[in-house]
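Every heavy atom of this structure was used, including side-chain atoms; hydrogens, water molecules and symmetry mates were not. The chains referred to below are lettered A, B, ... by the order of the sequence lines, with proteins before strands, and numbering in each begins at 1.
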Amino acid sequence: DSGVTQTPKHLITATGQRVTLRCSPRSGDLSVYWYQQSLDQGLQFLIQYYNGEERAKGNILERFSAQQFPDLHSELNLSSLELGDSALYFCASSALHGGTSVGETQYFGPGTRLLVL
Amino acid sequence: QQQVKQSPQSLIVQKGGISIINCAYENTAFDYFPWYQQFPGKGPALLIAIRPDVSEKKEGRFTISFNKSAKQFSLHIMDSQPGDSATYFCARVHGNNRLAFGKGNQVVVIP
């Protein structure tokens, strides 16, 4: 168990809908990262937050957004969903200095499997 | 975005054998090269990592070797066990500690 929790575990929804994925980082970790895993694209970095502030953006669509709250949990919002958004979404966290340090271990949650029908 | 390229895509190894996965990268200006292990239905977990100023790192049955001139690093799993059957991802670290993963290699260890 990595100490990172994600809810829900599974999500089935329809095209055009909006969903929210939730992540609680390991106790004390200030950095949260979101990744998407699909068969064709592999594991791709979406976005990073550090202590409530956005730090880095990757291949995140404009229909997607995220935030990190004062209690450090994070939410990833996916809107106007398309079939191609079906994927596993992982949240990871790293320790206190994750905003500036390179090489800190990222601890991944169990993921949320999203199916868009 | 620069990629890391893994080979082979999948690997079947006899129990007790050596699994070798290679990863090529394009740019040397990175500080950290981790390997992640992922079991079905689970999130990736850090297995072992190396910095480019080190040519080899060993942790138990897992060894990373780094070849800077060839821009390649490899994961060796010695005495492979059925419990090692998983997907292995090499990665490189961008600024802000974000990871760029390779496509992954599925390793199947048969008894």
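Contacts between A/Asp1 and chain B at a heavy-atom distance below 4.5 Å are absent for every atom of the residue. If you measure heavy-atom distances from B/Pro44 to chain A, the contacts under 4.5 Å come from both the backbone and the side chain. Residue A/Phe90 touches chain B through its side chain alone, counting heavy-atom pairs closer than 4.5 Å. For chain B, the nearby part of A/Gln37 is the side chain; its heavy atoms alone come within less than 4.5 Å.
Cation-pi check for B/Arg92 over B/Tyr25 is not met; the charged atom does not lie both under 6.0 angstrom from the ring centroid and within 45 degrees of its normal.
Most heavy-atom pairs under 4.5 Å with chain B, from the set A/Leu43, A/Val4, A/Leu88: that is A/Leu43.
Relative orientation of the B/Tyr36 and A/Phe108 rings is perpendicular, given thresholds of 30° and 60° on the angle between their planes.
Donor-acceptor pairing under 3.5 Å is recorded for the side chains of A/Asn77 and A/Thr20. Residues B/Gln81 and B/Asp79 bring a donor and an acceptor atom of their side chains to less than 3.5 Å of each other.
A/Tyr35 places a side-chain N or O within donor-acceptor distance of the main-chain N or O of B/Leu99, the cut-off being under 3.5 Å.
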